[in-house]
Amino acid sequence: VGLVVWLAHRVVRETEQTQAEYHRALAAEEALAERLRLQAGLLEWSREIAHQRDLDRQLEAVLRAAHQLTQARYGALGVFEKSGLTFARFLTVGLDEATKAAIGAPPTGRGLLRELAHDPGVLRLKDLTQHPAFSGFPPHHPAMRSFLGISLRARGTLYGRLYLTDKEPEFTELDEQLIQLLAAQASIAIENTLVIQDLQRTTNELQRTNATLRQVSHELEEMTSIIAHDLKAPLVTIQGYAGRLKVTAGQHLDEKGRHALEVILEVSKVMGQMVEALLEFSRLHRRPLRPQPCDLAQAVARVWESLEESVLATGAQLSLACAPSAAYVWIDPLVLYEVLENLLGNALKFRAADRSPAIEVGGRLEAGQVLLWVKDNGRGLPAEKCEEVFQIFRKLDRETPGVGVGLGQSGSWSGSVGGGCGWNPPWGKGPPSMCICLLPQRPLPARNKPRSCRALATGCRPLPTAPETGETVVMAVTLRKGQLPTSGKNPKATRTSGLARAWHMSCWAFEQADGMFAGEPKSES
Amino acid sequence: MRCSVPVRPIVLVEDDPHHADLIVEALRSTPVANPIVTLSSGAEALAYFFGDPHGDKPRLAERECPCLVILDLRLPDMPGFEVLRRLKANRLYELLPVMVLTTSADERDIKRCYDWQANACVTKPVEFQELSHKVRQAGLYWVLVNEPLPG
């Protein structure tokens, strides 16, 4: 009997154990199924959230996802205003319209909700009314027990809150993990929207600033032009009457009087030149620009021709070293002409007293722009004056003629087309010896590729040695009386075209010998 | 003197009295002996040519028409272009030689002058000698060298 009883007990115990194991396995399977269900749901909802166009719909989707997946009865999502005190957006789920209307304004974050703000993690309660921070429901608010809440934060900024209430019997750890994922999505959506809004605001501000700048710049140009006109009229009068005085009464004046008159005439003449320069400055800037490919070497040759008077007077010599990649610039021809005329004119003007000017002009491609340099053997430039000379009406000294707009114009012009002027190229070291100018370039349409030119113009001779920059010089041009062809009815035109042909040819030579010259010049470093 | 009798005047429309004085003096230093009528505003100029500034009936008889109109562009009451336009739109005055004399050498202004059929465009240089030279040359050319359309 004892054995039977013992056996029966054992059977019962084993059956109980098996039953318990069975229940445990069942529970585990259920938990797994639940987890899988949530995972699938979460994936589905994530896709749904990502597909929403605006923030409101994204947040609504987040809230609906949380509500549905946790099977809570109520849910709410609030986004703070900038102050962080009240909600700018407040979405609910599970409350009918009548209840919502009865409750009135969204919560301001007192009591339990405030508690959430300082809690970096999740707050999960079986009964929220038992929490020490609970301060009661507002009137008409349904009673709620279980609670799951989380702050919406991204990169340390608190954006809002998400909470769910009333799940039977209570919220699980799985719900907690789930709501964390959803809160992260909501936070990123809010942050992105704010970043985009910020960007939009900044863009708008920039556009406004740009418009203002354009307006101011336009007004300044108008003003320059008006000032220049109105200043010129009295100068014409001063010059006129002083000139008349000199003619009619000059011989009756003593030496002091004559000197005074000369000073008046001279100074008003200089002022006249300054006013003319201002006029020219404002006039050129008002003109619409027509950028196009311009042959750099040809432009240099043309400008050199236009400076003929001073070239002949000083016996100046020009050599040009233009890399094939810098054979042309994309610029308004007049702008190019102005820039070159001022740079070359400047080099001629500030020559040394004891030697003829020898000017080297070179071009190469630097980061998509043509870097043009002008080097001369003139009297040089003190380092501290480097920046100053690019300002209008600044002159290196009082003796040299002119009013001090040349380099300023070059700088202003090249700046207006996205380039700029300065001293010494990146590879140059030491004191300022080369004036550089950056000019724009763009890919050239096929039909504009440099053409070959068979005619060899006189006045050009190849230079046997390369200068210190490592650049290969094609040829140097000398312009001396009698050396250039002057046949034909218009000797000037013939000369210009002769030189232009020479430059064309130099470009062509480069084009043909691209491999030989290895394209780009070597830098000195 | 080539000019027909009675001698036709030169009309100078210039608001700056000093400039007018200098221009008149420059003209007077040439063999050009025609009387010079100086008008100091657009309204005065229109009144001289049309009587009523808004009308388009010429006030002058054909033989009284000036042999040269020197016109400043920057007038106090209206742009010089307006005077130019009114003159060139009138059948009697359209062939009068009009020389625009201005402080501005603005490309657009110059183009507008020629668009409105100006016969010449001269900018006022600051230097007295140059100004005087330009005015004398222009006066000599239009009054003594140029053969006007027979009346």
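Reminder, nothing fancy here: chain letters follow the sequence lines and each chain counts from 1.
Heavy-atom neighbours of Q251(A) CD from other residues, nucleotides or ligands within 6.0 Å: above the threshold of 12. Atom NZ of K134(B) has more than 12 heavy atoms from other residues, nucleotides or ligands within 6.0 Å. Heavy-atom neighbours of E255(A) CD from other residues, nucleotides or ligands within 6.0 Å: at or below the threshold of 12. Counting heavy atoms of neighbouring residues, nucleotides and ligands inside a 6.0 Å radius, atom NZ of K88(B) exceeds 12 of them. In W142(B), the CH2 atom is crowded: over 12 heavy atoms of neighbouring residues, nucleotides or ligands sit closer than 6.0 Å.
Considering every non-hydrogen atom in both K124(B) and K232(A), the closest pair reads O-NZ, 2.8 Å.
Atom CG of L22(B) and atom OG1 of T237(A) lie 6.5 Å apart (nearest 0.5 Å).
Chain B forms more heavy-atom pairs under 4.5 Å with one residue of G272(A), P234(A), G240(A) than with any other, namely G240(A).
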Checklist entry - Would H18(B) and I238(A) satisfy side-chain contact (heavy atoms from CB on, under 4.5 Å), going step by step from the backbone distance to the final call? => result CA-CA 9 Å; H18(B) 306 304; I238(A) 292 172; over 6 Å; no
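Formation of a donor-acceptor pair under 3.5 Å by the H19(B) side chain with backbone atoms of A233(A) is found in this model.
At a heavy-atom separation below 4.5 angstrom, chain A is approached by R74(B) within residues 73-84 of chain B.
The closest side-chain heavy-atom distance from D21(B) to R244(A) is below 4.5 Å.
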